[in-house]
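Naming convention: chains lettered A, B, ... in sequence-line order (proteins, then strands); numbering from 1 in each chain. Heavy-atom basis, side chains included; hydrogens, waters and symmetry copies ignored.
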Amino acid sequence: MAKHDTYDAIVAGAGHNGLTTACYLAKAGLKTLVVEKNDWIGGAAVSRSLIDGWTYSNCSYVCSLLRREIVRDLELPRFGLQVIPYEGGATFTPEGDYFAYMSDHDALRRELARHSPRDADAYDRFSQAVIRQCRFIRPFLLRNAPDPTSLRPRDLSELLFLVKQAHGLGAKELGETLRFWTMSIGDFLDSYFESDLVKAHIAGAGIIGTGLGVYSPGTAYVLLHHYMGDVDGAIGAWGFARGGMGAISNALGAAFEEAGGEIIKGAGVDQFLVRNGKVTGVALENGDEYHAPIVASNMDVKRTFLQHTDRAALPSAFTKAVERFKIRGSSAKLNIALDRLPSFPAAPKGATFLRGDMHCSTTLNELERAYDDWKDGRWSQDPYFDMLIPSQIDPTMAPPGKHMMTVFVQYAPYDLEVDGVRSGENWNDATRKAMADCVLDKIAVACPDIRERVVHAEVRTPWDIEREVGLTEGNIFQGELTFDQLLFNRPVPGYAQYDTPIRGMYIVGSSAHPGGGVMAAPGANAAREILRNIGKGKSMPDFAA
Amino acid sequence: MTDNRFDAVVIGAGHNGLTAAATLAQQGKSVCVLERADRIGGMSRSADLGGATLPEMAHLLYNLNPGVAKSLGLKIASRALPTVALCPAQQHVVIQGKTAQYANGDAHPDAAAYAALYQRLKTFAALLGQLAEGAPPALAGGMLNAKTLQEMMALGKLGLGLKRLGKVEMREFLRVILSNAYDLILDELSDGPLAGALAADAVRGAYAGPRSPGTVFSLMYRLGNGGDVTLPIGGMGAVAAAFADAATKQGVQIRTDVDIASLVIANDRVQGVLLSDGTTIHADAVLSSAGAMQTMQIAGIAHFDVEATRRMRHLRNKGTTAKVNLVLRNLPAFTGLTREQTAGRLLVAPSAVAVERAFNPAKYGGISKSPLIEAVIPTLTDTTLAPDGTHILSAIVSYVPHGLEGGWTDAARADLLDRVVQTLEAYAPGIGELITHSQVLSPADIETMTGAPGGHWHHAEMGIDQILTVRPANLMARYAFGVGGLYLCGASAHPGGDVMGAAGRNAAMQVIKDGVLR
Ligand SMILES: Cc1cc2nc3c(=O)[nH]c(=O)nc-3n(C[C@H](O)[C@H](O)[C@H](O)COP(=O)(O)OP(=O)(O)OC[C@H]3O[C@@H](n4cnc5c(N)ncnc54)[C@H](O)[C@@H]3O)c2cc1C
Ligand SMILES: Cc1cc2nc3c(=O)[nH]c(=O)nc-3n(C[C@H](O)[C@H](O)[C@H](O)COP(=O)(O)OP(=O)(O)OC[C@H]3O[C@@H](n4cnc5c(N)ncnc54)[C@H](O)[C@@H]3O)c2cc1C
């Protein structure tokens, strides 16, 4: 018999943001239910074992954006979260050389100078500029985006905060900030460095997950989404979650359950229930119905409203805005079980940078060309990838002596072009394998024996990511991070404060401000908004204060 | 006053230099314009080819600033032209302002959506256009002091205008303003020549594909003064002449064939200009319409701080437009177009996707096999331009790189000509047979002829990171340029390029305002 139960609040989706919202609601005393369509929790922050002995961080794989305030406040370490920092990284060249990034300043300087003495000098200026931008933006992450068309005191005070922050910069910095926010990562790097290799090594962070090329304006800003994690707090700058990214979600899940919350897995939402413009609950695919005056959707905004909500309950202008919300997928992933550590002939024995992020793209033009392929519906023939072997630092990821490799591939289209037809259906085992071969060929630049090392490989295209995680079109950020979809524009102008046209219904995933990444900021901000709306704003710390 | 003593010297007799000179002269200042070329006009000059008068580079007016035209009393006759978006399947679309229909008179399925989009863009553009009427807001001393607040008036006006649009439109403005033209267009229209025409307009002159963020702004920039496209009667040279007339009427001296060696600078202040023949021309202010870096070089790099020179070195100014001018023994027959339609602005930009695709090779020093073209046959509107029966076809070719792989050799020019003619053959079969004379100007040629860095249409890319308060660069955006009395007055200054005149006028007004001239 179908179940019918009533709660104070329901969260649809157990991604890390949904779980964050749920935690705060439960801690504020709300009887809260999380329903998740998969048999596991975590969404794109998940660890799964697909072959005995190995654990994959199937989707996200490194942790840096996760807001420390939230980790501390929810006491996630108590629930098993441990972030292990890693240092360094490298880009390998076909000629057998490499550029290594090292966190030791002097070592980095020497390595830069090996490629270009001028670049060694430029690096300090570069990193100061980036750090300054990170410092500028960080305070905004845990605040609501003000609505510039509104005269509500709260919006005005948020706007004033923005003006004050900007004022604090002074004229020169303000100009630099304006430029930084609107520049391409390619132009930004060109203005500091001369070595192609150095530029290519840094540039990747500006395009990961985007539908833009390294020379597209706006990509310098995306760099921040990858750098602002914790640039100047040394610990956790970049790290692996011990046990894979699922450790984050699992910690959140455990914290939620400790606070009295309930999670139902394998329970996909079919419909958000709406009556007279007010949300009343969710109907599941299995026929169960749960009722609550507050329903928070962790799904992306397109999935939420175009697939699981009655259109009649929505103003048509809103629906149209959701339809045009850009959510193009551009990334694929290979998760590989290795029988032992592959060899890196170019690297010195025991080089620490092998424990960091590794790449094989050596020029900005190579990256830009990879983007051109994607625009036309092909996976990049000469792809960019971000490759790590976390099992070197976190032994829980693979059996002793064996290793796990995660390879994030940029770019791969959602709607693959085959014979003039673009469609997600064109992804099948053959095309998946062809793409993986293309990636492995390039990995062989760094480790020639890679193919012999592979015990098992999982290939995930944007199409697969959509179907498993529910990220529409496989977009890793639940919506592209372009100006038209940031801040007060995210996800829909006029609904950028986690609210929706349906009373009691909220958007709490990465589709909302400040966007994607395993950051937990949208989830926490949304919780604060929800609690404030029911007069319980004080029951949650104001991280912005 | 001796012959070689003026209140101000203007470098370059392009329309902006001439506007700056005329504006200063109107304020009672003595002004001399020094032009390196043997002719005035810069990018808006005419040239002779096979007995015809060609618009050598710029060929149409759409952005002329009405305030400038009025205050200078410019007398420019021009005729409005429709835009014809050519379709490979011969379903050409004729666009006139906000109306769009097929060339055979049939209704276009996207006509209503296009009208709404165009109207909205025009409204937004008119608001932005206000910002072109003065120096960009300064950020000096942060944002909260009285002086800056006053400076922010222009922005305030913009804000007020936005408020007046109402919440919905204001939100839409804030959503699209930094966005890319491709999405904006394809959210409303199905892809094809109509969408392609808008996409091509968004990027003409730019080093950017329509998918690049910032291209909605460049599309609006085109519409800032209404956007209606007109053909100047008497050719583009007549436009330049009108600017020159306005200047000389105010007593401005214009000298051509002048080679400037350097500026004369003492105590960090401009004293005049030294010519390579040894002559010194004394002046308290020098306004330069040469490129920003070029101006810095003329002044002497040593007069600028490291940061300023660094900024100049990294200005984005890769030119992407070439010009192909043809003299034809007969009128070419464009399939499916009436004579009146053939006289329009003919666009080869079959779809927004095709526009983006055409940009791809340019990024790596190549040229698309299907180049984007904006062509006009001015002789259909103005018969005085060429001998009886013959015609001119003036074509702007987009996405032609300044740094062509292999360099700009004669063979490369011939190859470009060939691609353009081949492309046009698809719409006007036999056009190649009609060519009696041709001229191909690569961006590198344009650079040589006008000094414009990179041969760039706007002298410096109009990306969001190089406009308004950061045009051409941060801290150098209010015309004053490093050395006391030195000002930028050309396209590389705010608001930017096109035959508009605002940069020249604003720079002159800034000189007056700064009290540089006694
Ligand atoms: C391949 C990949 C690599 C990435 N790498 C990184 C990285 O290294 N570092 C980083 O910080 N970020 C990375 N990201 C981005 C980051 O993982 C995501 O932005 C983030 O995890 C999104 O979290 P979320 O909670 O907002 O949404 P999601 O994780 O998408 O959660 C949504 C949840 O809703 C569930 N759901 C969907 N439909 C229904 C339904 N009908 N009923 C019930 N439940 C439903 C889903 O199963 C899912 O659990 C990566 C993403 C991907 C895909
Ligand atoms: C191919 C092409 C087609 C175009 N088509 C159009 C169009 O149809 N419509 C439109 O509105 N805009 C068009 N434009 C853009 C427009 O022509 C320019 O933006 C505008 O003309 C710039 O005017 P200006 O006065 O600032 O500079 P310019 O016209 O470039 O004038 C600068 C002048 O300074 C002189 N000069 C440079 N250095 C020195 C020196 N050291 N000493 C002395 N003199 C010097 C040059 O010789 C030149 O005469 C086009 C541009 C190009 C390249």
Report task. Name the option with the most non-hydrogen atom pairs under 4.5 Å to chain A; the candidates are B:R211, B:E356, B:M170. Result -> B:R211
**Report entry** chain B contact via A:D187 - which portion, at a heavy-atom distance below 4.5 Å
**Finding:** side chain
Query - Contacting moiety of A:R125, where chain B heavy atoms sit under 4.5 Å - result: side chain
Query raised in the report: Charged N to carboxylate O under 4.0 angstrom, B:D187 versus A:K320?
Result: no
Query raised in the report: Salt bridge between A:K172 and B:E307, side-chain N to carboxylate O under 4.0 Å?
Result: yes
Requested in this report: Please report the shortest heavy-atom distance between B:H314 and A:S191, naming the atom on each side.
Outcome: NE2-O, 3.4 Å
Query raised in the report: Checking heavy atoms, do the side chain of A:K375, its backbone, both or neither come under 4.5 Å from chain B?
Result: both
Query - Which portion of A:Y215 sits near chain B, non-hydrogen atoms under 4.5 angstrom - result: neither
Report task. Using the salt bridge (charged side-chain N to carboxylate O under 4.0 Å, His left out) rule, collect all pairs that involve residues 458-471 of chain B, keeping only residues at least two apart or in two chains. Result -> B:R316-B:D465
Report task. Side-chain contact test, heavy atoms from C-beta onward, threshold under 4.5 Å: evaluate it for A:P493 versus B:L174 and give yes or no. Result -> no
Report task. Could you tell me which of B:V168, B:I464, B:L162 has the largest number of non-hydrogen atom pairs under 4.5 Å with chain A? Result -> B:I464
Query raised in the report: Given a strict heavy-atom distance threshold of 4.5 Å, which part of A:D484 is in contact with chain B: side chain, backbone, both, or neither?
Result: both
Query - Selection from B:R310, B:E172, B:R357 maximising heavy-atom pairs under 4.5 Å formed with chain A - result: B:R310
Query - Structural part of A:F488 lying under 4.5 Å from a heavy atom of chain B - result: side chain
**Report entry** Contact origin within B:L475 toward chain A - heavy atom pairs under 4.5 Å
**Finding:** side chain
Requested in this report: Count the heavy atoms of every other residue, nucleotide or ligand shown that sit under 6.0 Å from CD of A:E323, and state whether that count exceeds 12.
Outcome: yes
Query raised in the report: Got a donor-acceptor contact below 3.5 angstrom from the B:Y364 side chain to the A:R369 backbone?
Result: yes
Report task. Using a strict cut-off of less than 4.0 Å between a Lys/Arg side-chain nitrogen and an Asp/Glu carboxylate oxygen, indicate whether A:D372 and B:K363 qualify as a salt bridge. Result -> yes
Requested in this report: Among B:L178, B:V176, B:L468, single out the residue with the greatest number of heavy-atom pairs under 4.5 Å to chain A.
Outcome: B:L178
Report summary line: Rounded to the nearest 0.5 Å, the CZ atom of A:F180 sits from the CG atom of B:N474 at a distance of 14.0 Å
Requested in this report: Examine whether an atom of B:E188 lies under 4.5 Å from a heavy atom of chain A, and if so say whether it belongs to the side chain, the backbone or both; otherwise answer neither.
Outcome: side chain
Query raised in the report: Which value, rounded to the nearest 0.5 Å, describes the distance between A:R179 atom CZ and B:T469 atom OG1?
Result: 12.5 Å
Query raised in the report: Taking side chain as C-beta onward, heavy atoms only, is B:P213 less than 4.5 Å from A:F483?
Result: yes
Query raised in the report: B:R313 versus chain A, heavy atoms under 4.5 Å apart: side chain, backbone, both or neither?
Result: neither
Requested in this report: Using the salt bridge (charged side-chain N to carboxylate O under 4.0 Å, His left out) rule, take A:R324 and B:D183 through it: C-alpha gap first, then chi angles, then the decisive distance, then the call.
Outcome: CA-CA 9 Å; A:R324 97 191 147 194; B:D183 285 341; over 6 Å; no
Report summary line: Given A:L486, A:L487, A:D376, A:T482, the one with more heavy-atom pairs under 4.5 angstrom with chain B than any other is A:D376
**Report entry** Beyond-backbone contact of B:Q466 with A:T182, side-chain heavy atoms, under 4.5 angstrom
**Finding:** no
Query - Best-contacting candidate, A:G213, A:G211, A:A317, A:G494, against chain B by heavy atom pairs under 4.5 angstrom - result: A:G494
Query - Exercise: identify the closest heavy-atom pair between B:V470 and A:G175 - result: CG1-O, 3.7 Å
